[in-house]
Amino acid sequence: MKKIQILISALLCLLPVLAHAEITDIRPDQNIGVYRQSETVSFRLTRNSADSETVSYVLEDMDGTVRYSGKNTVSGEDAVLEIGILKSGWYRLKIYENGNEIPIFASATVLPSTGTPAKNSPFSGMLVGQYGVSEDRKADFSEALHKVGVNRVRDAALWCRAEYDYQALEPNIAALANGGNEQLLTVDLQSQIAEEIGYNGNLFEVYRMYRNLAARFSDEVSAWEVINEPDINSAFSADIYSAYYKAAALGIENAGADKIKSFGGMCSPVNTFSDILMQNDVMTYADYYNAHTHRDASGKGYDALAGSILSRSKRMSALHGENQPVWVTESGLRMQVDENELPSAEILREQAIYLTTSFAESIGKYGMNNHFWFLMRHYIEEGREFGTASKNCMTYPGYLAFANLSYRLGEAKPIGEMSARGDVVGYFFNTGDGDAAILWKKTEGESYVQLSCENGAEVTDVFGITEIKRAMPANGIVNLKVTSDPLIVRFDG
């Protein structure tokens, strides 16, 4: 009997071990996971086996509430997990194999069903795809930015000399252009290699370089910026940069492309460097004043925009120019991340709120003419995340917040600020075909606000399933419940 048991054990050891298929990667089947409501949401699964298996999944909103769930049979090493048509919202996808969650962050953003982004809106975003997006994902980002209504994309290029090989710039510029995006291109010069490939003191070479650039990309690039944050670039003093910028501006102007141009925004807006630039009369050569403003996530919900920087920018444009427009070409929120470089759900909520309120304050309160969200991709600086997408190119809820702004506010021409209502703030805009407002409460809890409205309004938030609700007037007044989650209100008629 013992010999038989040993023989059976030996035979069992010779049998093949059937390991279950393992999902090693998840990728949206469209761009970086931005879908219109008419489009089927589905994901491609990279697997280490061609065998069929049944996987289960859930789609959670920003608060962790399960909105959709199901089971699908997938097969092949490149499998498709089809979810279906979803309501507008941001969704976190969780896939389970044999009851175990696949440890890969995945998400989908489904766009609003009403409204239309305007070509001349102030809702802009920064990508810097040449530095931080792989070649195979450039077109994906470009399509996603166009879908969510990014009016103008700020990108960047490391430039060398007038004889530079254009092939290093063309793929990124072409990808953005093919997506239908307007472009602001920042031509940068890294200080650590300036002596080798950059500025050597020859201003005519600078002039020729920018003239050639503006002429070469006249169809794709609509605005030019000369050196990002020159105040922290050791290759320049303020006086030297002033001369460099003027030569570049003349080159852009003489290219015959009729393009917008400006100096680089300052890392530290209030400093001697920017004062010297103004004294050197750079505003005469600029079509807009360039401002940057960032802040840290507080973990407390509402974060006010650094308005003092924007107010000072407007004063500088008035004092040293002819009240040229002011563009905020960088505005972002620094977020803490975990060991996988992912912010917590609470911090992602804070980012989406800040994206919404900072746009509203920048345009509605401080009168900025263009506002660029920093950034539309993953970007870690000094251990903090600035980006609105994960390192595996999946959208955060900020993409939905951006889409709600661009779709619901259209041209977003500022009308005025709501009169004081306790700790509730609001800004009114003309969309191009009507009026709209953004309202929120600066503290926790809820308040009620009454607004004049003859024909009713559509009301939506920026989180989870953003269902449109109707607000009907009573005696010409609508009564709205306002919390720290911003409301976007589109008035009828």
Side-chain angles (χ1 to χ4, degrees), residues 25-28 31-34 58-67 89-95 101-110 125-128 131-133 137 140-141 144-145 148 150 292-306 330-359 372-405 440 444 461-466 483-486:
D25 191 27
I26 304 171
R27 184 165 170 169
N31 52 77
I32 58 171
V34 177
V58 298
L59 288 163
E60 298 177 349
D61 66 14
M62 193 167 175
D63 296 320
T65 301
V66 175
R67 296 292 183 172
W90 179 84
Y91 302 93
R92 169 80 182 271
L93 171 67
K94 294 182 179 180
I95 299 176
E101 182 184 345
I102 303 301
I104 300 174
F105 180 85
S107 66
T109 295
V110 181
M126 185 168 174
L127 182 63
V128 197
Y131 298 157
V133 178
R137 303 310 301 271
D140 290 338
F141 269 96
L145 297 182
V148 299
V150 176
H292 290 181
T293 173
H294 301 290
R295 63 164 300 147
D296 293 312
S298 66
K300 299 177 181 178
Y302 168 65
D303 298 304
L305 185 67
E330 287 188 18
S331 176
L333 191 71
R334 291 179 285 261
M335 304 180 292
Q336 294 179 327
V337 294
D338 62 16
E339 64 277 7
N340 296 313
E341 296 187 352
L342 286 171
S344 67
E346 293 75 19
I347 294 297
L348 288 178
R349 168 180 284 277
E350 187 175 349
Q351 183 194 50
I353 290 175
Y354 182 70
L355 186 152
T356 304
T357 59
S358 62
F359 267 106
F372 290 76
W373 179 252
F374 184 93
L375 279 145
M376 303 304 293
R377 61 169 174 86
H378 172 67
Y379 175 63
I380 298 287
E381 182 177 289
E382 297 180 351
R384 298 295 181 97
E385 170 71 283
F386 272 99
T388 322
S390 63
K391 63 181 178 182
N392 63 333
C393 301
M394 300 280 187
T395 61
Y396 291 153
Y399 262 80
L400 178 64
F402 198 108
N404 269 307
L405 286 171
W440 71 91
E444 293 301 314
D461 65 10
V462 296
F463 304 111
I465 310 298
T466 57
T483 69
S484 57
D485 289 353

Can you list, pair by pair, the side-chain donor-acceptor contacts under 3.5 Å of residues 395-402, counting residues two or more places apart and other chains?
from: T395; atom 1: OG1; to: S107; atom 2: OG; distance (Å): 3.4
from: T395; atom 1: OG1; to: T109; atom 2: OG1; distance (Å): 2.8
from: Y399; atom 1: OH; to: M376; atom 2: O; distance (Å): 2.6

**Request:** Rounded to the nearest 0.5 Å, what's the gap from CE on M62 to CH2 on W90? Could you check?
**Result:** 7.0 Å
**Request:** Working to the nearest 0.5 Å, report the span between CD1 of I347 and CZ of R334.
**Result:** 13.0 Å
**Donor-acceptor pair, side chain of D63 and main chain of T65, under 3.5 angstrom** = no
**Prompt:** Stepwise, does the side-chain contact (heavy atoms from CB on, under 4.5 Å) test hold for D338 with S344?
**Reply:** CA-CA 8 Å; D338 62 16; S344 67; over 6 Å; no
**Item:** From S331 atom OG to H292 atom NE2, the distance as rounded to the nearest 0.5 Å
**Value:** 10.0 Å
**Request:** List for me each residue that meets side chain to side chain contact (heavy atoms under 4.5 Å, CB included) alongside E444, sequence neighbours excluded, and say none if there are none.
**Result:** S484
**Main-chain N/O of F463 paired with D461 side-chain donor or acceptor, under 3.5 Å** = yes
**Prompt:** Tell me, do L405 and L355 make a side-chain contact under 4.5 Å, heavy atoms counted?
**Reply:** yes
**Request:** Quick one: closest heavy-atom pair of D140 and R137, and the distance?
**Result:** OD2-NE, 2.7 Å
**Item:** Minimum heavy-atom distance C393-I32, with the two atoms named
**Value:** O-CB, 3.5 Å
**Request:** For Q336, check side chain to side chain contact (heavy atoms under 4.5 Å, CB included) against everything at least two apart and list the hits.
**Result:** R384
**Request:** Using the six-membered ring wherever Trp is involved, compare the ring planes of F374 and Y379 and label them parallel, tilted or perpendicular (cut-offs 30° and 60°).
**Result:** perpendicular
**Heavy-atom closest contact (I26 atom, A106 atom, distance)** = CG2-CB, 4.0 Å
**Message:** Rounded at 0.5 Å granularity, tell me how far CD1 in I104 sits from NZ in K94.
**Reply:** 14.0 Å
**Prompt:** Is there a donor-acceptor pair closer than 3.5 Å between any side-chain N or O of E350 and the backbone N or O of G299?
**Reply:** yes
**Prompt:** What is the distance from atom CZ of R295 to atom CG of L305, rounded to the nearest 0.5 Å?
**Reply:** 9.0 Å
**Prompt:** Does E385 reach the main-chain N or O of G387 with its side chain, forming a donor-acceptor pair under 3.5 Å?
**Reply:** yes
**Message:** One pair to check against side-chain hydrogen bond (donor to acceptor under 3.5 Å, both in side chains): D485 and T483. What are the steps and the verdict?
**Reply:** CA-CA 5 Å; D485 289 353; T483 69; 4.8 Å; no
**Message:** If you compare all heavy atoms of G125 against all heavy atoms of F372, which two are closest, and at what distance to 0.1 Å?
**Reply:** O-CD2, 3.6 Å
**Prompt:** Which distance, rounded to the nearest 0.5 Å, do you find between the CD of Q351 and the CG of L333?
**Reply:** 6.5 Å
**Request:** Check V337 against P343 and note the closest heavy-atom contact, atom names and distance.
**Result:** CG1-N, 4.0 Å
**Request:** Please say which of L127, N31, V34 ends up in a side chain to side chain contact (heavy atoms under 4.5 Å, CB included) with L145.
**Result:** L127
**Asked** For the side chain of T388 and the backbone of R377, is there at least one donor-acceptor N/O pair under 3.5 Å apart?
**Response** no
**Message:** Could you check whether any side-chain N or O of N392 sits under 3.5 Å from a backbone N or O of F105, counting only pairs where one atom can act as donor and the other as acceptor?
**Reply:** yes
**Request:** May I ask you to test the L93-L59 pair for a side-chain heavy-atom distance under 4.5 Å?
**Result:** yes
